[in-house]
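Bear in mind that the values here come from a model prediction, so they are computed numbers and not experimental data. Every chain is numbered from 1, with letters handed out A, B, ... down the list of sequences.
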Amino acid sequence: MLSRDYLRSETQSARTRLSSRGVDPSLLDRWVALDFGRRSILGDVEQLKQRRNELSKQVGGIKREGGDPDALLAEVGELKKKIAGHEDHLVETEAELTGLELALPNLTHESVPMGADEKSNRVERTIGETTSFDFEPKAHWDLGPQLGILDFERGAKIAGARFTTYFGDGARLERALINFMLDLHTGEHGYREVLPPFIVNRDALVGTGQLPKFEEDLFKLRGHEYYLIPTAEVPLTNLHRDEIVEEAVLPIKYVAYTPCFRAEAGSYGKDVRGLIRQHQFQKVELVQLSLPEISYAALEELTGHAERVLQVLELPYRVVTLSTGDTGFSAAKTYDLEVWLPGQNAYREISSCSNCEAFQARRAGLRYRPNTGGKPRYLHTLNGSGLAVGRTLVAILENFQLGDGSIRIPEVLRSYFGGRDRIASG
RNA sequence: GGAGGGGUGGCAGAGUGGUCGAAUGCACCGGUCUUGAAAACCGGCGUCGGUUCACGCCGACCGCGGGUUCGAAUCCCGCCCCCUCCGCCA
């Protein structure tokens with residue numbers, strides 16, 4: 001959510017900046033009308049309530065002294081009717097107002113490149129050489145089944161399309177990556193490990209911005225107001241919902257491994273082969289709750305933590321700033337990390353690191369009390385994959401494949417394989 | 001699933017229809033005292049919204065949502081959460 005103060009006092013700028021994200025400018029006009037209407041009704045209703053409260057007090061006094069309050073009661077009766085009418089109107093106005101506010105995306109930071117889609121994204125830096133081979137490299141959807149470590153058919157048999165089953169060293173590699181990432185972020189980057197519920201309620205999803213707009217992307221439990229999490233960002237960011245924390249505890253840094261579930265509505269025909277786009281995938285997620293003043297430094301730091309995983313695994317990648325049109329609903333600025341995949345001859349997203357500023361904090365009621373005392377303020381939220389585990393596994397298979405179809409295990413993962421340096425058939 | 005108990009300010013804990021946004025204690029902040037500190041004493045100390053240049057004023061909030069009433073933390077209904085016992089279960 002954007003702040004009402006901003007929408008009110010900077011309406012023109014809000015109109016321009018939101019339209020660069022594809023928001024219909026007339027929504028702003030509607031907002032202004034509703035906001036004005038709300039305050040006008042509120043003024044009336046509160047005045048009537050004030051009068052009613054005064055009269056009620058008088059009635060109490062009169063009754064105590066054994067008098068007859070009938071004259072006052074008649075006036076109160078009138079007031080009650082008026083108040084009820086105004087309040088119905090007020091409830092409607094507020095419902096439409098918040099509905100509108102919940103549907104407006106965040107404003108992008110001034111450093112974000114303007115553009116309608118990913119074509120306007122800006123490459124910030126490219127790390128490592130794209131892997132070269134003296135043979136024709138294979139895609140992971142060929143390598144995995146050949147090695148017997150990924151089984152797409154059996155994933156589909158027990159669940160459906162976009163589900164995969166891992167066997168043997170495939171399952172072990174996934175587990176090794178999870179442990180390696182968690183160990184790195186807790187041991188060297190100062191994050192506290194969390195194991196949250198993988199199912200959340202509606203409020204949590206509204207808090208981070210998936211709802212009410214993107215319901216069709218989510219798996220909902222039948223007969224319950226429960227949803228499978230699309231990312232650990234949802235439980236982690238909502239951990240302190242409706243709390244006021246002391247400034248001294250900031251920044252709060254959480255890391256969690258969770259499976260993630262996405263309906264992938266509207267992506268039919270996209271990445272249908274392999275592990276790239278699944279209904280369920282594993283992810284290690286980083287979340288920070290930050291002081292507003294330093295949240296952009298925190299974004300650089302958090303992005304660096306995700307990059308560190310790729311560096312230690314010796315995977316080539318690049319960092320891209322998403323354009324205004326490609327930036328997600330809740331984010332003010334997003335860096336995507338794209339890993340080189342020889343099987344596709346392309347860089348593919350493996351992490352997305354965002355500063356949401358106070359957008360989620362307003363929705364979720366995340367505030368802090370300044371050291372100097374005074375009013376609570378909204379804090380800033382950041383999140384980033386550190387990393388998407390399935391895609392990391394893909395990158396390892398494709399980048400470290402050897403001519404004989406076996407896979408070289410990166411140095412830092414060997415301790416999770418009892419010291420072995422190869423994944424070979426069987 | 002069955003039976004019972006409970007959700008009040010940062011914490012503990014009063015309050016069962018009328019100046020109750022809420023006693024009291026602790027914690028916290030400021031002051032007095034003190035060489036300094038502690039103790040003691042004095043004062044302050046919730047959130048949101050509206051309005052105001054400001055001081056302030058007004059409204060709302062005692063898990064959430066409805067209802068009864070001139071008036072609800074207090075009575076009624078629904079829901080959520082927590083605890084205890086039984087059943088079941090990993």
Span that lies between the [atom1] atom of [M] and that of [N], in whole angstrom:
N     : M     : atom1 : result
B/C83 : B/G30 : C1'   : 40 Å
B/C64 : B/C11 : P     : 15 Å
B/U24 : B/U8  : C1'   : 14 Å
B/G31 : B/G21 : C1'   : 27 Å
B/G5  : B/G63 : C1'   : 16 Å
B/G9  : B/A22 : C1'   : 9 Å
B/G7  : B/C57 : C1'   : 34 Å
B/C20 : B/A73 : C1'   : 8 Å

Within the pair A/Arg39 and B/C58, is there a side-chain N or O less than 4.0 Å away from OP1 or OP2?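 No, outside the criterion.
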
If you check the [X] side chain, which of [options] turns out closest?
X        : options             : value
A/Arg367 : B/G46, B/C48, B/G50 : B/C48
A/Asn53  : B/A60, B/U51, B/U47 : B/A60
A/Gln50  : B/G46, B/G59, B/C48 : B/G59
A/Glu46  : B/A60, B/U47, B/G50 : B/G50

Once you apply the 3.5 Å cut-off to both distances, tell me the Watson-Crick or G-U wobble partner of [N], or none.
N     : answer
B/A23 : none
B/G4  : B/C83
B/C57 : B/G50

Have a look at [X] and say if it touches a base, only the backbone sugar-phosphate, or nothing, with a 4.0 Å heavy-atom cut-off.
X        : value
A/Arg51  : nothing
A/Arg377 : nothing
A/Arg38  : sugar-phosphate

Find the distance [X]:[atom1] to [N]:[atom2] and express it as a whole number of Å.
X        : N     : atom1 : atom2 : value
A/Leu366 : B/U47 : CG    : C1'   : 15 Å
A/Lys375 : B/U47 : NZ    : P     : 6 Å
A/Tyr226 : B/C81 : OH    : P     : 6 Å
A/Glu101 : B/G49 : CD    : P     : 12 Å
A/Asp242 : B/C80 : CG    : C1'   : 14 Å
A/Glu94  : B/C61 : CD    : P     : 14 Å
A/Ile244 : B/G9  : CD1   : P     : 13 Å
A/Glu225 : B/C79 : CD    : P     : 16 Å

Apply salt bridge (charged side-chain N to carboxylate O under 4.0 Å, His left out) to A/Asp44 and A/Lys82, showing your working. CA-CA 10 Å; A/Asp44 293 346; A/Lys82 281 191 199 164; over 6 Å; no

Could you walk me through whether A/Arg30 and A/Glu96 pass salt bridge (charged side-chain N to carboxylate O under 4.0 Å, His left out), step by step? CA-CA 10 Å; A/Arg30 184 66 188 149; A/Glu96 193 185 342; 2.7 Å; yes

Worked check of salt bridge (charged side-chain N to carboxylate O under 4.0 Å, His left out) between A/Lys283 and A/Glu285: CA-CA 6 Å; A/Lys283 187 151 62 76; A/Glu285 180 78 0; 2.6 Å; yes

The contact string for nucleotides 65-74 of chain B, one letter per nucleotide 5' to 3', using protein heavy atoms under 4.0 Å with B, S and - for base, sugar-phosphate only and none, comes out as -----BS---

Less than 6.0 angstrom from the centroid, inside 45 degrees of the normal: does A/Arg192 satisfy that with respect to the ring of A/Tyr254?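 Negative - A/Arg192 is either too far from the ring of A/Tyr254 or too far off its axis.
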
Aromatic ring proximity, centroids under 6.0 angstrom, A/His380 and A/Phe359: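 Here the rings of A/His380 and A/Phe359 have centres that are no less than 6.0 Å from each other.
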
Pair A/Tyr378 and A/Tyr368, ring centroids less than 6.0 Å apart: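 Ring-ring flag for A/Tyr378/A/Tyr368: false, centres at least 6.0 Å apart.
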
When you check the side-chain N and O atoms of A/Gln288 and A/Tyr191, is any donor under 3.5 Å from an acceptor?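 A/Tyr191 and A/Gln288 do have a side-chain donor-acceptor pair below 3.5 Å.
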
I'd like to know if the side chain of A/Ser330 and the backbone of A/Thr208 have a donor-acceptor N/O pair within less than 3.5 Å.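 Here the side-chain-to-backbone pair exists.
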
Which comes earlier along RNA chain B counting from the 5' end, the contact point of A/Arg369 or that of A/Glu54, where each point is its nearest nucleotide?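 The answer here is A/Arg369.
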
Do the side chains of A/Asp35 and A/Arg4 get close enough for a salt bridge, i.e. N-O under 4.0 angstrom?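 Answer for the salt bridge query: no.
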
